[in-house]
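What you see below is based on every heavy atom in this structure, not just the backbone, and it leaves out hydrogens, waters and symmetry mates.
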Amino acid sequence: MDNKEMKAAIEQIPVPKEKVFEAIEKGLTKASQGGHSKKKKVLAGSATAAALLGITLASGFINPTMNKVLANAPLIGALFQEFDDSTGVNLANQDAVTVLNQSQTKNGVTVKLTSSYFDGNIISITGFVDEDVEKGHNEKGEVSFDLNFEGNKGDHDPWLGISHDIRKVKNGYNFQWKTEYPYEKIPDQFTLPVTIHSINGIKGEWNFDIPFQQDKNTTLAIEQEQAYPDDGVKIKLEKILTAKASSTLTYEIVEKYKGDDIYIDKAVDDKGKVYRFDNGTDLSESTQKDGFHSTVRRAMTIVDKDISSLTFYPTLSFADPKVHQLLDKKTFTLNSKRFDLGVQVNDVTQKGEELVIDYQLTGLPKNLSQRKLETINQNLEYLIWLVDKDYLAKIDPENPWPPKNHGVPFNKVKLIDKATAHFQSTFDLNGQERIENFKLGNTMFLFDFSSFVASKELKPFTVELPKKE
């Protein structure tokens, strides 16, 4: 039997995937004895798979079924499966994940970074923190990081739209951080300095320089505008960038009312495939003669190469400026500035360390369902603020929150009467969020109607894509 015939015969042999993975796992267990970390397991897993692959190649026979199993065997891919990260699994299978070996120990807690990837608009960092982190303030099983990127301080850090995922493993915790690249121009590679200030309250200043790289994206220029004059908005599609495992759509929104937002629910190509979108990155904002402009970039399902059009399904969410009234009177009415909605305050009563406000909502649809009433009840818990009148102008519009010790942004809500939308809100005046030297005559009642205005589905529109050469 010659090589060709033998190769064909071998390819007919069914591959017992479970036994292959069981053998790999046994090898990892043996390699991990003696306190090896998860990172060591990742490397051992890769080495084990490489050894098995080497045997296959050395024999001169490449079984596609076996290769598929081996491609999924390295634990770097399994780690992304653990975090339900399909992009990471995809990139791991394409050998497009950077394996890291960075480790630092501060105040008895060791942090190891294990991988990074950069695909289109998305960056990911995986790592491991040992079980000594449990000596911190958090409950067992909880891990929280206080960190900044590029030497930024506090919340004014463009990278801080980050998501954290934690998994308990032997001797510690695996973690993944994911976020969107925050700047307009996407490079092929860059190094990102990261400083962890504390973990579970344990201070240490763990410093890392993390490399990121990706193959050059392909760009599909669109430059098509869709206007909705009745709603005072328009959207200008600019381009689609496609990487190895994802695409990104960049578009500009022009709105008559600042704070309105067009978001795209989905897109469907000419062959019927549905494309989904992740959270967006705000790239720029400006005020011009025709309205408020903002440029957004959003990750989406990777765009197929052989399609000729995409139909986009946008939705408009409405903004409504907060209204306010000084609490120097027991009864008053506030109305929305854009919509037929209002709040009628019936009574304001201070009872020791609590302030109770009795009110009714007006303009809501009649016969609200129990589910909608429950949603309204939940929303009211944070839609009403108490703010020191002298600090009202000091609320940062980019990070709207009452200044510390000069605002109470939460309350407990009680439904009094469903038919008349009658509620009571109780504010804790001595809670963690408070107003120093509280006096009714110095306190503003702020109300936000935005959450009571339903989003509107806009008419879909189709874009003919330029032919690819």
Side-chain angles (χ1 to χ4, degrees), residues 11 62-72 76-77 80-81 84-98 117-124 178 180-181 184-189 212-228 234-253 262-281 283 295-315 457-469:
E11 288 181 357
I62 303 175
N63 184 331
T65 309
M66 176 67 81
N67 277 352
K68 185 175 181 181
V69 173
L70 295 176
N72 293 321
I76 193 66
F80 292 122
Q81 287 182 334
D84 298 320
D85 181 3
S86 58
T87 298
V89 173
N90 190 331
L91 293 172
N93 288 338
Q94 296 187 63
D95 221 8
V97 176
T98 300
Y117 73 69
F118 183 28
D119 190 76
N121 192 43
I122 304 298
I123 72 164
S124 162
K178 288 182 72 177
E180 293 86 25
Y181 187 77
E184 186 168 359
K185 185 177 180 181
I186 297 180
D188 295 336
Q189 59 184 14
F212 291 91
Q213 62 181 19
Q214 65 175 319
D215 291 345
K216 188 175 180 179
N217 294 330
T218 58
T219 302
L220 194 63
I222 301 176
E223 298 182 355
Q224 179 167 322
E225 179 180 307
Q226 180 70 27
Y228 299 92
K234 59 183 174 182
I235 181 170
K236 299 178 179 180
L237 300 184
E238 295 182 357
K239 58 186 176 182
I240 295 175
L241 278 70
T242 297
K244 282 183 173 291
S246 66
S247 294
T248 62
L249 173 68
T250 301
Y251 57 94
E252 183 184 30
I253 300 169
I262 296 178
Y263 56 95
I264 298 174
D265 294 313
K266 65 179 181 180
V268 180
D269 67 23
D270 54 288
K271 298 183 178 181
K273 178 179 176 179
V274 177
Y275 298 79
R276 300 297 180 182
F277 293 83
D278 289 335
N279 295 330
T281 302
L283 300 177
T295 301
V296 180
R297 183 175 60 225
R298 294 181 66 190
M300 62 183 293
T301 311
I302 191 165
V303 175
D304 289 349
K305 296 179 180 180
D306 58 347
I307 63 173
S308 59
S309 70
L310 281 170
T311 299
F312 293 90
Y313 292 77
T315 298
E457 293 184 2
L458 300 177
K459 183 180 178 181
F461 63 96
T462 300
V463 173
E464 299 297 327
L465 301 179
K467 292 183 179 180
K468 306 168 190 65
E469 297 180 357

[X] (side chain) donor-acceptor with [Y] (main chain) under 3.5 angstrom:
{"X": "Asp270", "Y": "Ser308", "result": "yes"}
{"X": "Gln226", "Y": "Leu237", "result": "no"}
{"X": "Glu180", "Y": "Arg298", "result": "no"}
{"X": "Asp278", "Y": "Ala299", "result": "no"}

Discussion item. Between Asp304 and Lys271, does any side-chain N to carboxylate O distance fall below 4.0 Å?
Written reply: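 So Asp304 does not pair with Lys271 through a salt bridge.
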Closest heavy-atom contact between [X] and [Y]?
{"X": "Thr248", "Y": "Met300", "value": "N-CG, 4.2 Å"}
{"X": "Val97", "Y": "Ala92", "value": "CG2-N, 3.6 Å"}
{"X": "Lys244", "Y": "Ala96", "value": "CD-CB, 3.6 Å"}
{"X": "Ala267", "Y": "Phe277", "value": "N-CE1, 3.7 Å"}
{"X": "Ala243", "Y": "Gly120", "value": "CB-N, 3.4 Å"}
{"X": "Ser247", "Y": "Ile240", "value": "CB-CG2, 4.1 Å"}

Worksheet item: Should we count CD of Glu457 as having more than 12 external heavy atoms under 6.0 Å?
Response: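 Not buried by this count: 12 neighbours or fewer within 6.0 Å.
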Item to complete: For atom CD of Glu184, decide whether the heavy atoms of other residues, nucleotides or ligands shown that lie under 6.0 angstrom number more than 12.
Response: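 No - once you tally the heavy atoms of other residues, nucleotides and ligands closer than 6.0 Å, there are 12 at most.
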Worksheet item: Parallel, tilted or perpendicular: which describes the rings of Phe212 and Phe118, with under 30° parallel and over 60° perpendicular?
Response: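 Answer is perpendicular, since the angle exceeds 60°.
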Worksheet item: Going through the checks in order, is the side-chain contact (heavy atoms from CB on, under 4.5 Å) test met by Ile122 and Tyr117?
Response: CA-CA 8 Å; Ile122 304 298; Tyr117 73 69; 4.3 Å; yes
Spacing of [X] atom [atom1] and [Y] atom [atom2] [to the nearest 0.5 Å]:
{"X": "Glu464", "Y": "Ser309", "atom1": "CD", "atom2": "OG", "value": "5.0 Å"}
{"X": "Leu241", "Y": "Arg297", "atom1": "CG", "atom2": "CZ", "value": "8.0 Å"}
{"X": "Glu238", "Y": "Gln224", "atom1": "CD", "atom2": "CD", "value": "13.0 Å"}
{"X": "Leu458", "Y": "Lys234", "atom1": "CG", "atom2": "NZ", "value": "15.0 Å"}
{"X": "Asp188", "Y": "Asn217", "atom1": "CG", "atom2": "CG", "value": "7.5 Å"}
{"X": "Thr315", "Y": "Lys266", "atom1": "OG1", "atom2": "NZ", "value": "10.0 Å"}

Is [Y] close to [X] at the side-chain level, that is, under 4.5 Å between some pair of heavy atoms?
{"X": "Ile307", "Y": "Tyr275", "result": "yes"}
{"X": "Val303", "Y": "Leu249", "result": "no"}
{"X": "Asp85", "Y": "Lys178", "result": "yes"}
{"X": "Leu465", "Y": "Leu310", "result": "yes"}

Item to complete: Would you please test Ile264 and Ile235 for side-chain contact (heavy atoms from CB on, under 4.5 Å) and show each step?
Response: CA-CA 10 Å; Ile264 298 174; Ile235 181 170; 4.0 Å; yes
Worksheet item: Tyr251 and Ile262: side-chain contact (heavy atoms from CB on, under 4.5 Å), yes or no, with the steps?
Response: CA-CA 10 Å; Tyr251 57 94; Ile262 296 178; 5.5 Å; no
Item to complete: Report the C-alpha separation of Tyr313 and Val268 in whole Å, then their side-chain angles, then the decisive distance to 0.1 Å, and conclude whether the side-chain contact (heavy atoms from CB on, under 4.5 Å) test is met.
Response: CA-CA 8 Å; Tyr313 292 77; Val268 180; 3.8 Å; yes
